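Throughout, numbering of the chain's residues begins at 1 and tracks the sequence. Since we're looking at a predicted model, the values are computed, not measured.
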Amino acid sequence: MKIGFGYDVHKLVEGRPLILGGVHIPFEKGLLGHSDADALIHAIIDSLLGAADLGDIGTHFPDNDEAYKNISSVILLEKTSELLKDSEYKIVNIDATVVLEKPKLIQYIADMKEIIADKLDIETNQISIKATREEGMGFVGNGEGIKAFAVCLIEESKYDKE
């Protein structure tokens, strides 16, 4: 078994949609980035790639490659799942935390888990997503950005390659 850790942070700006965990969340600002800037999925991708010793998100999906400009991070998550399977790893579980002042995420977490589980070919009970605030401290507390942390556990597994 192997453990991985991932972290991502993006600045909140006007004129961009807010996408977290593959879910569009109505809000007056969105995250700035080369892709859709989904900090939650980016943290999860980095945790999975790190656990499998496959580099990081920038190795596989560089932010200077036009192929990934405005791409949905859900697609990147799907590609990460394929990389894990090709390397004969299976996901045991993922635990993630999103840090933001607003909006509240509680009503979106079930949908996030469904999307992530579907793209990783795992069950929703293998994913935990939590949200917390920084109580007005720092750039996140001031509403300037959003950050996410993720840890995962993977194990070696033989897949049927059809």
Side-chain angles (χ1 to χ4, degrees), residues 4-52 54-84 91 93-136 138-152:
F5 172 77
Y7 168 77
D8 196 42
V9 61
H10 286 278
K11 181 178 181 177
L12 279 165
V13 296
E14 292 182 9
R16 296 261 308 184
L18 179 57
I19 310 290
L20 288 170
V23 176
H24 180 269
I25 299 169
F27 193 60
E28 64 266 13
K29 294 181 179 179
L31 295 171
L32 181 62
H34 185 70
S35 66
D36 64 4
D38 187 329
L40 174 58
I41 287 183
H42 292 181
I44 291 170
I45 288 171
D46 262 348
S47 73
L48 293 167
L49 292 173
L54 294 173
D56 64 11
I57 193 168
T59 302
H60 296 277
F61 317 111
D63 65 3
N64 59 0
D65 187 333
E66 285 301 308
Y68 303 115
K69 179 85 173 145
N70 295 319
I71 194 168
S72 168
S73 295
V74 170
I75 294 169
L76 305 181
L77 186 66
E78 216 167 16
K79 291 176 183 282
T80 301
S81 181
E82 293 168 13
L83 289 168
L84 287 175
I91 298 167
N93 77 306
I94 297 167
D95 185 20
T97 302
V98 181
V99 185
L100 73 169
E101 282 306 297
K102 40 181 170 168
K104 298 270 187 194
L105 297 184
I106 190 72
Q107 70 190 51
Y108 305 104
I109 289 176
D111 289 339
M112 292 175 187
K113 289 175 63 169
E114 286 285 338
I115 290 167
I116 293 166
D118 179 62
K119 298 306 172 192
L120 293 175
D121 197 25
I122 60 176
E123 300 298 320
T124 57
N125 67 2
Q126 292 174 266
I127 304 168
S128 172
I129 300 172
K130 304 163 305 292
T132 191
R133 300 176 51 225
E134 289 201 335
E135 307 295 332
F139 75 93
V140 171
N142 290 329
E144 298 172 37
I146 293 175
K147 59 186 170 182
F149 301 91
V151 293
C152 71

Provide the closest heavy-atom pair for [X] versus [Y] in the form atom of the first, atom of the second, distance.
| X | Y | value |
| --- | --- | --- |
| Gly55 | Leu49 | O-CB, 3.5 Å |
| Val74 | Ile115 | CG2-CG2, 3.9 Å |
| Arg133 | Glu101 | NH2-OE1, 2.9 Å |
| Gln126 | Ile91 | NE2-O, 3.1 Å |
| Gly6 | Ser47 | N-CB, 3.5 Å |
| Ser72 | Asp36 | CA-OD2, 3.4 Å |

Distance in Å, [X] [atom1] paired with [Y] [atom2], rounded so as to fall on 0.5 Å steps:
| X | Y | atom1 | atom2 | result |
| --- | --- | --- | --- | --- |
| Ile146 | Phe139 | CD1 | CZ | 10.0 Å |
| Asp121 | Glu78 | CG | CD | 10.0 Å |
| Ser73 | Ile116 | OG | CD1 | 10.5 Å |
| Leu84 | Cys152 | CG | SG | 8.0 Å |
| Lys119 | Ile41 | NZ | CD1 | 10.0 Å |
| Leu100 | Lys147 | CG | NZ | 11.5 Å |

Are the side chains of [Y] and [X] in contact, using a 4.5 Å heavy-atom criterion?
| X | Y | answer |
| --- | --- | --- |
| Leu77 | Asp38 | no |
| Leu120 | Ile94 | yes |
| Ile109 | Lys113 | yes |

* For His60, which of Leu54, Leu76, Thr80 qualifies under side-chain contact (heavy atoms from CB on, under 4.5 Å)? ->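 When side-chain contact (heavy atoms from CB on, under 4.5 Å) is applied between His60 and each of Leu54, Leu76, Thr80, only Leu54 qualifies.
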
* Is the number of heavy atoms from other residues, nucleotides or ligands under 6.0 Å of Glu144 CD greater than 12? ->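 Enclosed: over 12 neighbouring heavy atoms sit under 6.0 Å from CD of Glu144.
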
* How about Lys130: does its NZ atom have over 12 heavy atoms from other parts shown lying under 6.0 Å from it? ->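 Counting neighbours around NZ of Lys130, more than 12 heavy atoms of other residues, nucleotides or ligands fall under 6.0 Å, so yes.
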
Kindly list each side-chain donor-acceptor pair under 3.5 angstrom involving residues 8-19, sequence neighbours excluded, with atom names and distances?
residue	atom	partner	partner atom	Å
Asp8	OD2	His10	NE2	2.8
Asp8	OD2	His42	ND1	3.1
His10	ND1	Leu32	O	2.8
His10	NE2	His42	ND1	3.4
Arg16	NE	Leu31	O	2.9
Arg16	NH1	Gly33	O	3.4
Arg16	NH1	Asn70	OD1	3.4
Arg16	NH2	Leu31	O	3.2
Arg16	NH2	Gly33	O	3.4
Arg16	NH2	Ser35	O	2.8

* **Test log, rule side chain to side chain contact (heavy atoms under 4.5 Å, CB included), inputs Phe27 and Lys102** => CA-CA 9 Å; Phe27 193 60; Lys102 40 181 170 168; 4.3 Å; yes

* Does Asp56 use its side chain to pair, donor to acceptor, with the backbone of Gly58 at less than 3.5 Å? ->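 Side chain of Asp56 to backbone of Gly58: a pair is present.
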
* Check: Val151 main-chain N/O paired with Asp95 side-chain donor or acceptor under 3.5 Å ->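 Not a single qualifying donor-acceptor pair exists.
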
* Parallel, tilted or perpendicular: which fits the ring planes of Phe149 and Tyr7, with parallel below 30° and perpendicular above 60°? ->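 The rings of Phe149 and Tyr7 sit tilted, inter-plane angle from 30° to 60°.
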
